[in-house]
Amino acid sequence: TVEYQVSGPYVTRETPVQPVHLYAIDLTCSSAPAYLSIVEQLGQDMFDHVERQTAQKWKPRIGVCLFCASGVILRNKNIVAPDNPGRYAIMSDTTQDPFSPLPMEAWTYDVSMEEGLGAWREAVGELLADFESLRQQARRKVHGKDGLELACGGVAVGFLADALRNSGGRGTMITSRRPNFGAGSIPYRDQEIVRGKVQGAYSTSTPLQFQAKLKAEEQAASEYYKKIGADCLQSCAVIDVLFHTSPAVQPPFLDLATLGEVCRRSCGQLHWVNCHEWQENMHQALSRHIQSFAVTDAVFKLRCSTGIQIKSYYIGSGNVVEGTLGSAEVELPSVSSSSTIAVELDHRVGGLPKNKKFAFLQSALLYTTRGGQRRVRVSTLAIRTTSSVSEVFKSADCAATLTLLMRESVDRLRKPTPGAPIEEREHARQKVQESVFHKCVLTLGNYREHTAAMNAPASQLVIPDRLSLLAMHCMSMMKSQMLRPASAHRMGESALPAIMPSGDDRAFFIWHAAQCHPAVAYLLVHPTIIPVTPDGNDGVGVWNSAQGPDESLGFVRMRSPQDASMASLKVDGLYFIDNGFDIRFVVQKGAADSFRQDWSSVVATHPHLASILWQFRAYCSAQRGEESDIRPTVAALKHVILQEGRHGKPEIDMLNLMTDDATGGNKNSVDFMANLHRSIRERLDAKK
């Protein structure tokens, strides 16, 4: 790998992307004051992060606005008098094309200096002091409707994109509801039960931007968000969307799929905060990109040597465009240390040259640093060629294989046959599920047919050592929220059944599966279950220092994971369950009452549990150095207390996490392996 500074035609912007962070808060949310306080703390986080830099300093700017059906409200810092009504500028165009009425310098603050940080705190303090009077703006009737019933998240996203049009940077929209008014309004659509079957899984979990044959309102929303995505790519504006809902009730339809596609195109993040300790979780989610290293205005390109070619890109962010020199390029407004790109390769006609011992891949990443330097990083990889199939299997990378399989499934799920009727599109999930099983059969069948495994007994299922998790991963992925069928459940005294997984549950999983890191691909579909003892006298939860001068490289001792099956859980047991998105502390029905209190009281008397939770959040595997930023989300703690005779959402979620059991209409692990083995044998017998 070599890296060097470039100039001339490699510089695509007159001025580098500026480190600007803008936040738009939904004024109609009951927790909006708390959102403001969290955003205020982000200014301090930026200041602290700049102070820790030893290299060239950068000067981040931060700004916040409030939005409702009456418009987007900004605090004009150039008007100091507190009694001057002009200190608040209002962009009232909520039904057409949102725009920023003030220049960036008039409502953002340079928090690289103490003076700017103090001014930022003062500005947020004024917003909090004036909050009730500003909320009166949201209460005004608009088109005969109560303003508090109207959500204008689409307006806020359009406003952020326009505000960042010249400077680039990052904009975050914070809300709790689906946009239902103004520009970018998304009509309600959700899963429903028709003749005993759940309908709408495809339409609710797939972005409107990917769907065809839409209604007029849906088509308008699709075009609106397509335009924003294209504009953000051109201006290097990164858009984040954060939804905050209560875990106590079933959230309404949010359409995470459509808004998440804007985030994906612009290399932003889709956050869904749905936990009791939400303020800490929201702050960590929003400050994550502030603390991490990232570059901007990037272009990725991959070249291959003679005999191989690029078949497909499976990207979680950005946009693939045809390159000027033949192969495609990936445009990326932002790239972080956890960004990954999956590429599927294929043989060219004629195959690899027989006299060549190596095939070569060369990647080039062109980007701009925070300091404004335009640089290119070129990496060249030599791969040994072979005519032996067994050598291919011996060199396989299991984590990369599982990640590629997951991203390929996401691509097939999002893009069924163009112009297909709605009935066929609704069956896309089932077809992808079948294709996952079929690819597993093909892979293991080829291993059996073309390697020494052909000599194994016919009654034995042979799996290559380097792909030992492939079969379990395929089974678990078929049972995941991405591919399992939705079903109706009656919970509590509610007259209406709850459909699980919801369209938003499925869309959120698909969004993160499309860009998951190889280190967590297996974790997203197959949870890690760790048992713990009540007293911690077995040494579990104790810090173990690493050998060497740096004791901070140690780890917290934990037990070995258990099978993801209800049969492995004791009726009085305590368990941590990590599914990649959140971490559950499960208190079984027969466990002691001291663990049924709130979490702070539990860890006060059992501190070893807090150490285990830290280990889960800080590392994703036993490999040293796997940092927490490769997790798809900031893992929230969910304290799950199971009760005798109760069958609510926590119990249903627990059953769905047990991927070794028969769930979601799929077989348990024993029956799945037996069916897999039978399918492989039938395929091989058919070739004889």
Is the shortest side-chain N to carboxylate O distance from Lys649 to Asp653 below 4.0 Å?
yes
For Trp272, the option from Trp511, Phe581, Phe243, Phe508 that meets ring pair (Phe, Tyr, Trp, His ring centres under 6.0 Å):
Phe508
Salt-bridge criterion met for Arg631 and Asp578 (N-O under 4.0 Å)
yes
Hey, is Asp240 close enough to Arg170 for a salt bridge, meaning N to O under 4.0 Å?
yes
List the residues meeting side-chain contact (heavy atoms from CB on, under 4.5 Å) with Ala507, not counting sequence neighbours, and say none if there are none.
Ser205, Leu256, Ala257
Ser112 and Phe47, any side-chain heavy atoms less than 4.5 Å apart
no
Contact check, side chains of Met478 and Ser480, non-hydrogen atoms, under 4.5 Å
no
With sequence neighbours left out, which residue pairs that include part of residues 245-267 fulfil the salt bridge (charged side-chain N to carboxylate O under 4.0 Å, His left out) condition?
Arg189-Asp255, Glu261-Arg264
Those residues that, when tested against Pro19, pass side-chain contact (heavy atoms from CB on, under 4.5 Å) (two or more places apart):
Trp58, Pro60
Any chance CD of Glu122 has more than 12 other-residue heavy atoms, nucleotides or ligands included, within less than 6.0 Å?
no
Within 6.0 angstrom of Gln250 CD, more than 12 heavy atoms from elsewhere:
yes
Between Asp582 and Arg584 (salt bridge meaning N to carboxylate O under 4.0 Å), is one present in this structure?
yes
